[in-house]
Amino acid sequence: IKISAKLFCGFFSGVLGIVLMFFSVHATPNVIVDFRNIAIVFAAVHGGIIPVLVAGSLIGLFRIVYYGLSEVSIAAFIIAMVDSIGCGLI
């Protein structure tokens, strides 16, 4: 697959992850389940390491920009990147 196609896949997987963050489920008052990991897995399956890193970066950076810089948003960024690297290597 060409690099441009991989970047395209990563970008749209990242956008999918951002959209999925808005459709989260409140399991309990303190626990929110979102499905952004589906987009990360999708990018890994369809493109490999490059798209998954693009998608994870977009999702993590959006979380910081949209919800503000805090310990929780930084932790979410780190988790998105660790998920991305892990899925990309599998």
Side-chain angles (χ1 to χ4, degrees):
I1 300 176
K2 294 182 183 178
I3 190 77
S4 60
K6 289 183 178 193
L7 293 174
F8 184 79
C9 177
F11 175 77
F12 281 104
S13 295
V15 171
L16 174 64
I18 290 168
V19 169
L20 289 173
M21 277 198 288
F22 287 112
F23 294 99
S24 59
V25 176
H26 293 270
T28 67
N30 295 330
V31 176
I32 299 172
V33 179
D34 64 22
F35 302 106
R36 66 183 132 183
N37 292 332
I38 293 171
I40 290 173
V41 171
F42 176 81
V45 168
H46 290 288
I49 193 77
I50 294 172
V52 81
L53 290 177
V54 171
S57 298
L58 280 175
I59 292 168
L61 289 173
F62 176 80
R63 168 84 175 152
I64 290 173
V65 170
Y66 188 76
Y67 292 104
L69 186 61
S70 67
E71 290 179 8
V72 175
S73 61
I74 291 171
F77 176 78
I78 292 169
I79 290 168
M81 292 310 300
V82 169
D83 286 347
S84 297
I85 293 168
C87 287
L89 293 176
I90 292 175

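Linking ILVMFWY residues whenever their side-chain heavy atoms come closer than 4.5 Å, directly or via other members, places F77 and V52 in the same cluster. Under the 4.5 Å side-chain heavy-atom criterion for grouping Ile, Leu, Val, Met, Phe, Trp and Tyr, I40 is connected to L7 within one hydrophobic cluster. Both L61 and L53 are part of a single hydrophobic cluster, where members link through side-chain heavy atoms under 4.5 Å apart. Transitive grouping of hydrophobic side chains (ILVMFWY, heavy atoms separated by less than 4.5 Å) keeps I79 and I85 in distinct clusters. Side-chain heavy atoms closer than 4.5 Å link hydrophobic residues (I, L, V, M, F, W, Y) into clusters, and following such links, even through other members, never connects L89 to V41.
Distance check, rounded to the nearest 0.5 Å: CD1 of I78 to CG of D83 gives 12.0 Å. Rounding to the nearest 0.5 angstrom, the gap separating the CG atom in L58 from the OG atom in S84 is 10.0 Å. Summarising the geometry, atom CZ belonging to F42 is positioned 5.5 Å from atom SG belonging to C9; distances are rounded to the nearest 0.5 Å.
When all heavy atoms of A39 and S13 are compared, the closest pair comes out as CB-O, 3.2 Å. Taking all atoms of both residues into account, the shortest heavy-atom contact from A55 to A43 is CB-CB, 4.2 Å. Between I59 and G17, the closest heavy-atom pair is CD1-CA, 3.7 Å. When all heavy atoms of L20 and R36 are compared, the closest pair comes out as CB-N, 4.3 Å. Across all non-hydrogen atoms, the minimal contact from A76 to R63 is CB-NE, 3.5 Å. The two residues A44 and G88 make their nearest non-hydrogen contact at CB-N, 4.2 Å.
At least one side-chain heavy atom of F35 sits less than 4.5 Å from a side-chain heavy atom of V33. Annotation: side chain of V31 is not in contact with side chain of H26 (no heavy-atom distance under 4.5 Å). Put simply, the side chain of I50 reaches to within 4.5 Å of the side chain of I3, judged on heavy atoms. Within the 4.5 Å cutoff, the side chain of P51 has no heavy atoms near those of the H46 side chain.
Checked against ring pair (Phe, Tyr, Trp, His ring centres under 6.0 Å), F8 has the following partners two or more places apart in sequence or in another chain: F12.
Counted within 6.0 Å of CZ on F22, heavy atoms from surrounding residues, nucleotides or ligands total more than 12; the atom is thus considered enclosed.
Using the six-membered ring where Trp is involved, Y66 and F62 have ring planes that are parallel, under 30° apart on the 30 and 60° scheme.
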